[in-house]
**Student:** 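Pasting a structure below so you can have a look.
Since the structure is predicted, the reported quantities are computational estimates derived from the model, not experimental observations. Chain A is the first sequence line, chain B the second, and so forth, proteins listed ahead of strands; every chain is numbered from 1.
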Amino acid sequence: MPNKKFETLRSTCVPLPVENVDTDQIIPARFLKATTKEGFGDNLFRDWRYDKQNQPIGAFVLNNPTYKGEILVAGKNFGSGSSREHAAWAIVGYGFKVVVSSFFADIFKNNALNNGLLPVQVSAGFLEKIFAAVKNNANTQLEVNLLDQKITLLATGESESFEINSYKKTCLLNGYDDIDYLLSNREKIEAYEASRKFAL
Amino acid sequence: MGKTLFDKVWDAHVVSEIEGGPSILYIDRHLVHEVTSPQAFAGLEARGIEVFRPERTVATPDHNVPTINQHLPIKDLLSKTQVETLARNTEKHGIRHFGLNHPYQGVVHVVGPELGLTLPGMTIVCGDSHTATHGAFGSVAFGIGTSEVEMVLASQCILQPKPKRMKINIDGKLGKGVTAKDIILYIISKISASGGTGYFIEYTGSAIRSLSMEGRMTICNMSIEMGARGGLIAPDEVTFEYVKGREFAPKGNDWDKLMDFWKTLHTDSNASFDWELNYNAGDIEPMITYGTNPGMGLGITESIPTLDSVEPSTKATFEKALNYMGFEEGSPMIGKKVDYVFVGSCTNGRIEDLRAFANFVKGRKKADNIVAWIVPGSKQVEKQAVEEGLDKILNEAGFELRQPGCSACLAMNDDKIPEGNYSVATSNRNFEGRQGPGARTLLASPLTAAAAAITGKITDPRTFL
Ligand code: SF4
């Protein structure tokens, strides 16, 4: 179904300065048994967030009331491992709209975009600046402007531009969805099928 | 300018290109399992549309299924619901489905090749990152998310930007006791768990050519563990010999025609790659991982790095991993205690892997401190293992053959490694909690797993060969 339109977002952020956060951490396999997309946010980072007695682990950032916001800021190579889209559903379900990292795994990036979650890739240096600023002041705000492809650390005004392919950008800005687009191309697809020399 | 194998297959499947965006890529084969598909079918229904080309999709349940007493109803109600939902969805949409008690059921990436559903030159996708396995046949195969599963069901196409091309060449002869699994763990340890991101890899060289199809699948399977979109190997006589005569493989005239096409599937001599790496097979020893991502691997006779020796930027990750694993920096791998041995998965759950394990343990005995789960990748693998008498060899040595499924590879069923326990696993991921909450996983080959199963600790398999 079509996603919500993405507009400029200003928010405080939740820092997770860990590298190689894989999708098994984002949503452990035992929570993949649902047949709908709802409810995954409750188990986002389950094993980092709760202990065996299901008590919140105070040291984990999602349990720390100092940090809140709609932007998750994470270390390098975020979303590696399993292709489970449940990871994106969990992040969106929890309430994040943007994930910032210095590097994203490919499949995660696609899954995020397909769910209206914007992955913003910044330089390692800029990521360090964000972490430092948030550590210093938890109320530090970031602004993510998709139209201009710019992310700004509002306290200092420092900003960086980020990449997104123009098709995906249009989709996000307008809330379009890939399936509608593919369905509108069915004739082309049929013509392709008819034209193949070696049909496998 | 010549074309790479990857370009040839990819370009032949581009329906059209979007300005500044991805391509519409036609998909020949779509594999489906129970975990990543229910929301996609629900999406189709919400849109009120049918599956566009149901004959191109094949489904089997694998992630959730029990590996004992498969004839009984599944006890876990959520798993049962997912497995039943797959049966219902596939029936409703006219999709071929190998259900739990079907003779072709198994891990989706083991089933495709063994039934001849995986062919050279195809584009193949599945809502599963280890779809890369099928690249061993010279197909462009990669994992997708559930939204993309819905796209393929709806249009037999997905939108994909074209990855960059990378070549990894491994020449030379593998040493005794060194297997395909060791090659790929070695490569990942060199370029890291994210080093291949954005690339599609072609594996070449005499060491790759010398591998069986099973070994080639093990290599391609783990391409994703270095972040790559997928990996592939040019088809050759070994490939054609493997495919020929399989249940769904083309026959007669169709076969001959396709052979003409398949023989063109190689990288032209004047084609270029965005990145090329060369390794020597002789430098590789049996490998094992010590940390919590597949890039944290080393030769079995080596010691874990010291904190001082790792790059400053990865120190925190390194410390966190050692802490989780309960390992000391600088300590040797050999001799570390092991509690569980898991042989199976789409990486090493094929007949060749079971043979290697069985031959190794033949005439020996399982160590008392070890719990071992030997899980065939499919019903066909299980059947063949029994026909070859591998089950008897295993029983005599104190092991038993279970029933097929993903099992302890991701521990969605009851096969969970208890917290804090050490597991030598032939699967592909050693992430925190992958084999169960708190489980500690060491990835290795079936031979290294067998050596651990016999001695109860990490042991160089070469000392037995
Ligand atoms: S065996 Fe493991 S890696 Fe392979 S499909 Fe199953 S869960 Fe995924």
**Student:** How many angstroms lie between atom CE of M151(B) and atom CG of L182(A), to the nearest 0.5 angstrom?
**Tutor:**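 Atom-to-atom, M151(B):CE and L182(A):CG are 6.5 Å apart.
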
**Student:** Measure distances from T36(A) to the heavy atoms of chain B and classify the residue's part below 4.5 Å as side chain, backbone, both or neither.
**Tutor:**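 For T36(A), the backbone is the part near chain B, not the side chain.
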
**Student:** Check whether T317(B) gets within reach of chain A through its side chain, its backbone, both or neither, counting any heavy atom under 4.5 Å.
**Tutor:**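 Just its side chain gets close to chain A.
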
**Student:** A side-chain contact here means heavy atoms from C-beta on lying under 4.5 Å apart; do I224(B) and I107(A) qualify?
**Tutor:**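 Yes, side chains in contact.
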
**Student:** Taking the side chain as everything from C-beta on, heavy atoms only, tell me whether L159(B) gets closer than 4.5 Å to Y167(A).
**Tutor:**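 Contact flag for L159(B)/Y167(A) side chains = yes.
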
**Student:** For the pair L200(A) and L258(B), evaluate side chain to side chain contact (heavy atoms under 4.5 Å, CB included) and give the outcome as yes or no after the intermediate values.
**Tutor:** CA-CA 8 Å; L200(A) 286 161; L258(B) 280 170; 3.6 Å; yes

**Student:** Would you say I189(A) and S155(B) make side-chain contact, with heavy atoms under 4.5 Å?
**Tutor:**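 Of all side-chain heavy-atom pairs linking S155(B) with I189(A), at least one is under 4.5 Å.
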
**Student:** Would you mind checking which part of H63(B) comes under 4.5 Å of any heavy atom in chain A, side chain (CB onward), backbone (N, CA, C, O), both or neither?
**Tutor:**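 Looking at H63(B), nothing touches chain A.
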
**Student:** Picking from K416(B), Q156(B), E419(B), K257(B), which has the most non-hydrogen pairs under 4.5 angstrom with chain A?
**Tutor:**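 Sorted descending by pairs with chain A, the first entry is E419(B).
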
**Student:** Which atoms of A154(B) come close to chain A, meaning under 4.5 Å heavy atom to heavy atom: side chain ones, backbone ones, both, or neither?
**Tutor:**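 Backbone plus side chain of A154(B), per the 4.5 Å heavy-atom cut-off to chain A.
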
**Student:** Checking heavy atoms, do the side chain of N110(A), its backbone, both or neither come under 4.5 Å from chain B?
**Tutor:**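 The side chain, not the backbone.
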
**Student:** Flag the pair K76(A) / S313(B) as yes when at least one side-chain heavy-atom distance between them is below 4.5 Å, and no otherwise.
**Tutor:**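 They are not in side-chain contact.
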
**Student:** So do M296(B) and N20(A) actually touch side chain to side chain, heavy atoms under 4.5 Å?
**Tutor:**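 No, too far: nothing below the 4.5 Å cut-off.
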
**Student:** Is any side-chain N of the basic residue among R434(B) and D22(A) closer than 4.0 Å to the acidic one's carboxylate O?
**Tutor:**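 Not counted as a salt bridge, because no side-chain N and carboxylate O are separated by less than 4.0 Å.
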
**Student:** Verify whether one side chain among S147(B) and E85(A) offers a donor that lies under 3.5 Å from an acceptor in the other.
**Tutor:**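 Yes - a donor-acceptor pair under 3.5 Å links their side chains.
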
**Student:** Hey, which of T85(B), L410(B), I18(B), N413(B) has the most heavy atom pairs under 4.5 Å with chain A?
**Tutor:**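 Answer, by heavy-atom pair count under 4.5 Å with chain A: I18(B).
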
**Student:** Donor-acceptor pair, distance only, cut-off 3.5 Å: does the side chain of Q82(B) make one with the backbone of L32(A)?
**Tutor:**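 Yes: the side chain of Q82(B) pairs with the backbone of L32(A).
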
**Student:** Taking side chain as everything from C-beta outward and backbone as N, CA, C, O, which of these in R46(A) sits under 4.5 Å from a heavy atom of chain B? Side chain, backbone, both or neither.
**Tutor:**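 Neither; nothing under 4.5 Å.
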
**Student:** Under a 4.5 Å heavy-atom cut-off, does chain B meet the side chain of N111(A), its backbone, both or neither?
**Tutor:**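 Just its side chain gets close to chain B.
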
**Student:** For F104(A), is it the side chain, the backbone, both or neither that has a heavy atom under 4.5 Å from a heavy atom of chain B?
**Tutor:**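 F104(A) touches chain B through backbone heavy atoms alone.
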
**Student:** Heavy-atom distance under 4.5 Å to chain A: side chain of D76(B), backbone, both or neither?
**Tutor:**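 When you check distances to chain A, only side chain atoms of D76(B) fall under 4.5 Å.
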
**Student:** Can you find a heavy atom in the side chain of E432(B) that is under 4.5 Å from one in the side chain of D47(A)?
**Tutor:**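 No, their side chains stay 4.5 Å or more apart.
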
**Student:** Please look at V149(B) and chain A and tell me whether the side chain, the backbone, both or neither of the residue comes under 4.5 angstrom of a heavy atom of that chain.
**Tutor:**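 No part of V149(B) comes within 4.5 Å of chain A.
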
